[in-house]
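Taking it in order: structure first as structure tokens, then the write-up.
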Amino acid sequence: MPILSLHHVTATVDDAQDDLDFCIGGLGLRLVKKTVNFDNHHVYHFYYGDERGTPGTVWTTFPYKGRGVRVGTKGAGQVTVTAFSVPTGSLAEWRARLAAHGVAVTDIESHFGEPAISFADRSGLTFELIATDRDARAPWVADGFEADLAIRGLHSVGFVVRDPDRTVDLMSSLLGYDVVDQAPGRIRVAVQGGGPGKTIDILHDRRADLGVNGLGTVHHVAMAVATDGEQLQLRERLVEYGCNVTEVRDRCYFKSIYFREPGGVLFEIATMEPGFTVDEEIGSLGRALKLPPWEEPQRANIEKALPKVSY
Ligand code: ZN
């Protein structure tokens with residue numbers, strides 16, 4: 001059972017400063033790394049999470065404003081909802097805080113007994129806060145956020161597929177997920193006993209239009225494995241299963257492989273190590289622009305072209 005939990009979720013967003021304001025000021029997440037997109041060094045890559053960016057708490061964004069990327073459309077083959085877990089009883093306070101940030105909040109039907117609210121960021125990404133007493137993870141307590149309010153980490157993601165059968169088959173036979181709950185149009189799968197951070201909702205709809213990548217859409221969801229060796233073993237099994245899997249890519253803070261599950265959603269399998277403290281002290285995570293070694297010679301040009309941000 002190689003998958004331990006979710007690792008991170010990555011989205012394409014519009015404006016860098018709006019994104020920082022929303023994630024830090026609105027959600028109380030910690031910016032744990034400010035780097036660039038390793039495939040396009042004129043675009044930031046922001047990683048947010050708990051104090052050290054523990055896998056399972058991490059939300060990451062590529063702010064593509066002004067780089068010629070069109071607005072995307074949510075649909076089949078995409079993660080359409082990213083949910084964070086918050087303490088039971090905190091949703092009223094969250095509603096008020098988000099409203100004060102100009103964010104419109106919608107009450108939604110609880111999923112399998114856990115109350116939730118829904119809202120969007122300025123790029124149009126859909127988020128939920130799910131209230132649960134099952135999350136023992138220590139939160140990052142940002143200035144102005146109390147421990148009985150703060151986000152604990154990712155609760156789950158929801159992704160849309162037209163036909164869930166092959167997706168469930170791959171996730172259960174290779175990744176270690178079990179079906180733990182079902183509702184109309186929703187199959188909940190989980191690893192390692194389930195709960196917040198270990199849960200994915202497969203939202204199935206035969207008539208769903210295909211999603212289109214772009215601003216305001218999630219690019220991929222990553223799941224965590226313990227070691228490089230387990231990642232390689234899982235890669236072999238995925239190839240045998242018929243998946244088109246990338247080679248291992250060094251993301252500096254973890255190593256990654258990527259493939260599309262049968263419903264079209266881009267999955268990443270990422271290692272737990274080395275983590276975000278590999279190139280910064282824990283107390284100063286996210287302060288400086290960190291570049292991978294192969295981009296360092298270009299630092300002056302890269303810094304000049306990136307939008308100025310403050311936080
Ligand atoms: Zn990723």
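Remember, it's 1-based here, ligands and their atoms both numbered in the order they're listed. What you see is a predicted model, and the numbers here were worked out from it, not measured in a lab.
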Next on the checklist: Using side-chain hydrogen bond (donor to acceptor under 3.5 Å, both in side chains), reason through Y44 and D19 one step at a time and then give a plain yes or no.
Outcome noted: CA-CA 11 Å; Y44 282 116; D19 190 60; over 6 Å; no
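- Residues D201 and S156 have side chains that never bring a donor and an acceptor to within less than 3.5 angstrom of each other.
- Within the sub-2.8 Å shell of the Zn ion (ligand 1), the protein contributes these N/O/S atoms: H8 NE2, H220 NE2, E268 OE1.
- For the residue pair N244 and Y258, no side-chain donor N or O sits within less than 3.5 Å of a side-chain acceptor on the partner.
- H220 and F267 have their aromatic ring centers separated by at least 6.0 angstrom.
- Atom CZ of R122 has 12 or fewer heavy atoms from other residues, nucleotides or ligands within 6.0 Å.
- Between the side chains of E268 and S256, at least one donor-acceptor pair of N or O atoms lies under 3.5 Å.
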